[in-house]
Amino acid sequence: MNNSPYIRQTASVQAVMFKVLAALLPAIVAYVWFFGAGILVQIAIASAAALLGEAAVLAARRKPVAIFVADGSALVTAWLIALTLPPIVPWWVTAVATLFGIVVIKHLYGGLGQNPFNPAMAAFCAMIVAFPAMISQWPPVGLPFAVQFDLILGG
């Protein structure tokens, strides 16, 4: 008996999350092409905030930190948040958005798969409400990276 298309193999959370991250790479390349390398700084900030926030909440909930941090779900949330925000938004906005998505939306509702909202999109909505002027300022195409970096850090 051969496997029909409707018979699926089991996939781990980690495998799915890393496939999502891989699928985001072409979009990130296009983002860098049009808006510059500032998005790479934002992705790094969001990733660090997501991993630290996830680890802190898991430790507070007395859950195994290494297993859940390594599943990649926090990184997917971080990358999606970074991709929705302007690449020149101050670093702390990206960090606050990411921590809100991970700590409040993901973990307050019980963790992966328990939340009624997408953590990345809920964080984006919260930032639109909290910081509408910052979230609506996109750089012109071709803004040099040094200028973007100064805006991110000096914001």
Side-chain angles (χ1 to χ4, degrees), residues 8 10-61 63-141 143 145 148-149 151-153 155:
R8 298 184 181 167
T10 58
S12 70
V13 170
Q14 185 179 44
V16 172
M17 294 301 161
F18 284 107
K19 285 180 183 178
V20 172
L21 291 173
L24 289 173
L25 291 176
I28 293 169
V29 169
Y31 203 122
V32 169
W33 177 267
F34 287 107
F35 293 107
I39 186 61
L40 301 177
V41 175
Q42 298 293 5
I43 288 172
I45 292 166
S47 296
L51 294 174
L52 290 172
E54 179 109 328
V57 172
L58 288 168
R61 294 177 62 201
K63 301 276 185 183
V65 174
I67 294 170
F68 291 110
V69 167
D71 73 3
S73 63
L75 286 178
V76 169
T77 299
W79 286 26
L80 290 173
I81 290 169
L83 288 168
T84 62
L85 300 175
I88 58 171
V89 76
W91 69 270
W92 56 268
V93 173
T94 303
V96 167
T98 305
L99 289 171
F100 178 79
I102 295 292
V103 174
V104 177
I105 302 301
K106 181 178 178 183
H107 283 287
L108 236 80
Y109 286 102
L112 184 65
Q114 304 299 314
N115 44 305
F117 310 108
N118 178 303
M121 295 303 97
F124 176 68
C125 291
M127 294 306 102
I128 288 174
V129 172
F131 310 109
M134 288 184 202
I135 303 304
S136 63
Q137 293 179 359
W138 285 79
V141 173
L143 187 67
F145 176 69
Q148 289 186 20
F149 194 70
L151 291 169
I152 292 166
L153 295 182

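Any value given below was found using the heavy atoms of this structure, including those in side chains, with hydrogens, waters and symmetry copies removed. Quick caveat, the model's predicted, so the values are computed rather than measured.
Between Pro86 and Met134, the closest side-chain pair of non-hydrogen atoms is not below 4.5 Å. Put simply, the side chain of Lys63 does not reach to within 4.5 Å of the side chain of Val57, judged on heavy atoms. Using a 4.5 Å cut-off on side-chain heavy atoms (C-beta onward), Ile135 and Phe124 make contact. By the 4.5 Å heavy-atom criterion applied to side chains, Leu151 and Leu143 are counted as neighbours. A 4.5 Å side-chain heavy-atom check between Met121 and Ile81 finds every atom pair outside the cut-off. Residues Phe35 and Pro140 are not in side-chain contact: their nearest non-hydrogen atoms beyond the backbone lie 4.5 Å or more apart. Between Val76 and Phe18, the closest side-chain pair of non-hydrogen atoms is not below 4.5 Å. Contact check for Leu83 versus Ile39: side-chain heavy atoms found under the 4.5 Å cut-off.
Minimum heavy-atom separation, Leu85 to Ala97: CD1-CB, 4.3 Å. Taking all atoms of both residues into account, the shortest heavy-atom contact from Phe100 to Ala126 is CE2-CB, 3.6 Å. Nearest heavy atom pair, residue Ala78 against residue Ala50, reads CB-CB, 3.7 Å. For Glu54 against Ser73, the heavy-atom pair with the smallest separation is OE2-OG, 4.0 Å. Here the closest non-hydrogen pair linking Ala82 and Ala46 is CB-CB, 4.1 Å. The two atoms that bring Val65 and Ala59 nearest to each other are CG2-N, 3.8 Å, heavy atoms only.
Going from atom CG of Leu51 over to atom CG of Leu75 covers 4.5 Å, rounded to the nearest 0.5 Å. Note: His107 NE2 to Ile102 CD1 = 6.0 Å, rounded to the nearest 0.5 Å. Here the CD1 atom belonging to Ile45 is positioned 9.0 Å from the OG1 atom belonging to Thr98, to the nearest 0.5 angstrom. Between atom CG of residue Asn118 and atom OG1 of residue Thr77 there is a gap of 6.5 Å, rounded to the nearest 0.5 Å.
With hydrogens and angles ignored, the 3.5 Å screen pairs a side-chain donor or acceptor of Gln14 with a backbone N or O of Ala70. Gln42 contributes a side-chain N or O that, together with a main-chain N or O of Val89, makes up a donor-acceptor pair within less than 3.5 Å.
Taking the six-membered ring for Trp and thresholds of 30 and 60 degrees, Trp92 and Phe131 have ring planes more than 60 degrees apart, a perpendicular arrangement.
Residue Phe149 qualifies as open at atom CZ: its count of foreign heavy atoms under 6.0 Å is 12 or below. Within a 6.0 Å radius of CZ in Phe145, more than 12 heavy atoms belonging to other residues, nucleotides or ligands are found.
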Subject >> Steps toward side-chain contact (heavy atoms from CB on, under 4.5 Å) verdict (Met17, Ser12) >> reply: CA-CA 9 Å; Met17 294 301 161; Ser12 70; over 6 Å; no
**OP:** Step by step, work out the side-chain contact (heavy atoms from CB on, under 4.5 Å) result for Trp79 and Leu25.
**Re:** CA-CA 10 Å; Trp79 286 26; Leu25 291 176; 4.0 Å; yes
**OP:** Using the side-chain contact (heavy atoms from CB on, under 4.5 Å) rule, take Leu40 and Ile28 through it: C-alpha gap first, then chi angles, then the decisive distance, then the call.
**Re:** CA-CA 8 Å; Leu40 301 177; Ile28 293 169; 3.9 Å; yes
Original post:
So Leu24 and Leu80, side-chain contact (heavy atoms from CB on, under 4.5 Å) or not? Walk me through it.
Top reply: CA-CA 9 Å; Leu24 289 173; Leu80 290 173; 4.1 Å; yes
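A side-chain contact (heavy atoms from CB on, under 4.5 Å) with Val41 is found for one member of Ile152, Leu153, Thr94 and no other, namely Ile152.
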